[in-house]
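The structure appears below as structure tokens.
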Amino acid sequence: MTLTPEDGIYPDCLRAADVLRAGGIVAFPTETVYGLGADAENAKAVERIFAVKDRPLSHPLIVHLGGASQLDDWATAAPDSARLLAERFWPGPLTLVLRRSGRVPLAVTGGLETVALRVPAHAVALSLLSTFGGGIAAPSANRFGAVSPTTASHVCEGLGSAVDYLLDGGPSRVGVESTIVDLTGAQPALLRPGGVTREELEQALGCTVLTDARCALPAPGRHPSHYAPQAKVLLVAQDEILTEARRLRAERHRVGLLLPSPFASAQASDTEHVVIVVPDSMVEYARRLYEFLWEFDRRGCDAIVASLPCEDGLGLAIADRLRRAAGRGHYKDAGASAKSQKTAL
Ligand code: TXA
Ligand code: MG
């Protein structure tokens with residue numbers, strides 16, 4: 001694959017766009033995670049995405065656009081707040097939920113009258129979108145319920161030959177999915193925390209964003225057991241990670257640890273576990289979180305012990321994904337105790 005741009009167009013994107021036009025499905029890089037794309041206006045191609053992912057048809061997809069100027073082609077009656085956020089954050093890890101236009105097939109929205117739109121901030125994705133010209137409906141390129149891919153090899157591992165064409169754009173820079181904001185109600189509502197922080201949104205909008213909103217339909221990013229690796233994830237307090245890992249080890253589990261750096265030296269003499277030291281920077285942690293979960297699976301762990309980071313900035317999205325990996329509910333459900341997790345193994 002020759003991913004070198006000529007005038008901003010990557011040669012492989014020409015082929016990938018042809019695959020989309022022929023009704024095929026293309027895995028492509030974005031700054032958040034890899035997407036599995038189809039022509040958003042081809043209901044048959046969109047249905048294939050659901051089949052390949054093993055995803056229920058009622059779970060809506062995000063339509064990816066090449067630029068904010070296309071917003072009114074895909075949404076109707078977009079409020080000023082949509083334009084403001086699009087101008088501020090697109091291209092970028094923000095998805096806007098708006099009323100759908102007639103251009104959006106119900107196959108994409110799972111029957112909803114709303115549509116989720118985003119312009120990804122990745123040169124290869126933007127090259128594909130501009131070459132293709134239309135909207136690309138794309139969920140993350142993983143099987144339903146599994147960990148999202150942040151590299152092309154994750155996509156191969158998870159979906160293999162089920163994909164017609166794979167564009168390799170290197171590791172994803174943001175590493176967690178886009179933030180989803182619903183702008184169809186009286187007040188903006190955060191449906192999924194992600195690469196754009198709640199603080200950034202509120203600052204741009206000049207108002208608070210609802211954080212306890214629910215989707216009209218069950219949706220995968222809001223499913224309690226979404227983003228789960230093969231191994232069971234247990235969430236405990238930071239200073240209990242090593243004790244918990246030793247307890248599980250004594251029960252003959254192969255244990256992976258996501259260890260905050262202050263505790264890293266304490267385990268230097270403890271070589272029985274697979275240890276990944278969590279980056280101190282939240283940007284770096286978000287970027288690598290899914291890579292870490294893939295790594296534990298690859299190294300044969302059947303249990304992962306971790307703790308939640310502070311939930312401001314990107315910490316909110318990281319904590320949300322860790323909770324879902326542990327099979328817990330919505331990110332507001334902060335209270336579930338470590339004990340109930342322990343009995344799960
Ligand atoms: O970063 C991302 O958003 C990645 C990349 C590939 O763009 N995509 C992604 O797609 O995470 P997916 O399908 O894994 O998650 C899409 C989320 C789902 O949780 C779904 O609920 C929500 O978008 N969604 C889509 N359409 C919606 C709608 N009309 N109303 C509410 N939520 C919607
Ligand atoms: Mg997904």
Side-chain angles (χ1 to χ4, degrees), residues 25-38 40 46 49-50 52-65 74-75 89-101 104-122 124-126 128-129 135-150 154-155 158-159 167 169 172-185 189-196 213-228 286 290 317 320-321 324-325 330-331:
I25 56 177
V26 172
F28 64 99
T30 83
E31 80 282 30
T32 57
V33 300
Y34 274 66
L36 185 62
V46 168
I49 287 190
F50 285 92
V52 164
K53 270 188 70 97
D54 211 5
R55 168 162 164 149
L57 288 167
S58 59
H59 290 241
L61 306 181
I62 295 171
V63 177
H64 296 70
L65 305 177
W74 297 86
F89 295 108
W90 283 358
L94 179 67
T95 295
L96 303 178
V97 173
L98 300 164
R99 298 196 188 290
R100 75 176 177 99
S101 77
V104 185
L106 288 170
V108 169
T109 70
L112 293 177
E113 284 305 323
T114 55
V115 62
L117 300 175
R118 114 173 171 92
V119 178
H122 193 292
V124 175
L126 288 172
L128 176 64
L129 281 157
I136 300 179
S140 48
N142 53 286
R143 287 199 198 278
F144 184 62
V147 176
S148 297
T150 52
H154 291 163
V155 178
L159 295 176
L167 288 165
S172 297
R173 174 176 58 78
V174 175
V176 289
E177 294 83 349
S178 61
T179 302
I180 304 180
V181 189
D182 183 354
L183 296 175
T184 62
L190 185 65
L191 301 184
R192 179 177 72 183
V196 169
R214 304 269 168 185
C215 289
L217 289 173
R222 301 169 62 78
H223 192 272
S225 66
H226 208 54
Y227 313 108
Y290 290 152
D320 172 61
R321 304 309 191 271
R324 290 178 198 283
H330 185 254
Y331 67 98

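Indexing begins at 1, ligand by ligand and atom by atom, following the structure's order. For this chain, numbers begin at 1 and follow the sequence in order.
- At a 3.5 angstrom cut-off on N or O pairs, T114 counts as close to ligand 1.
- At least one heavy atom of R55 sits closer than 4.0 Å to an atom of ligand 1.
- Within the listing of ligand 1, atoms 10 (O), 12 (P), 13 (O) sit less than 4.0 angstrom from a heavy atom of P139.
- Heavy-atom distances between H59 and ligand 1 stay at or above 4.0 Å for every pair.
- Taken from CG in L190 to OG1 in T179, the straight-line distance is 6.5 Å, to the nearest 0.5 Å.
- Taking 2.8 Å as the criterion, S140 counts as a coordinating residue of the Mg ion (ligand 2), since one of its N, O or S atoms falls below it.
- Using a 4.0 Å heavy-atom cutoff, V97 is listed among the residues neighbouring ligand 1.
- The shortest non-hydrogen separation linking P91 to L126 is CG-CD1, 4.3 Å.
- Using modelled atom types, no side-chain atom of R100 and backbone atom of P105 make a donor-acceptor pair closer than 3.5 Å.
- In plain terms, the two heavy atoms of G169 and Y34 that are nearest each other are N-OH, 3.0 Å.
- For ligand 1, one of its N or O atoms has an N or O atom of R192 under 3.5 Å away.
- Salt bridge present: R118 and E31 bring a charged side-chain N and a carboxylate O closer than 4.0 Å.
- Within ligand 1, counting atoms from 1 as listed, the ones closer than 4.0 Å to a heavy atom of L112 are 28 (C), 29 (N), 30 (N).
- Each of the atoms 1 (O), 2 (C), 4 (C), 5 (C) of ligand 1 lies under 4.0 Å from some heavy atom of T32.
- Contact record, L159 with A141: CD1-O, 3.3 Å, taken as the closest heavy-atom pair.
- For the pair T30 (side chain) and T32 (backbone), a donor-acceptor distance under 3.5 Å is present.
- Checked against a 3.5 angstrom limit, the closest N/O atoms of T30 and ligand 1 fall outside it.
- Here I180 has side-chain heavy atoms under 4.0 Å from ligand 1, and that is the only part of it that gets that close.
- Checked against the 6.0 Å centroid threshold, H64 and F28 count as a close aromatic pair.
- Of all atoms in ligand 1, listed by their number and element, those nearer than 4.0 Å to a heavy atom of H64 are 5 (C), 6 (C), 7 (O).
- Numbered from 1 in the order shown, with element, the atoms of ligand 1 that lie under 4.0 Å from a heavy atom of A116 read 25 (C), 26 (N), 27 (C).
- In summary, the atoms of ligand 1 found under 4.0 Å from a heavy atom of L191, numbered by their order in the structure, are 31 (C), 32 (N).
- In plain terms, the two heavy atoms of V108 and A137 that are nearest each other are CG2-CB, 4.2 Å.
- Proximity of R100 to ligand 1, defined as any heavy-atom pair under 4.0 Å, is not found for any part of the residue.
- Here's the thing with E177: none of its N/O atoms is less than 3.5 angstrom from an N/O atom of ligand 1.
- The residues E113 and R99 are annotated as not salt-bridged, no charged nitrogen and carboxylate oxygen being separated by less than 4.0 angstrom.
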inquiry  = Pair S148, E177 - check side chain to side chain donor-acceptor pair (under 3.5 Å), show working.
reply    = CA-CA 8 Å; S148 297; E177 294 83 349; 2.5 Å; yes

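- Those atoms of ligand 1 with a heavy atom of S178 less than 4.0 angstrom away are 1 (O), 2 (C), 3 (O).
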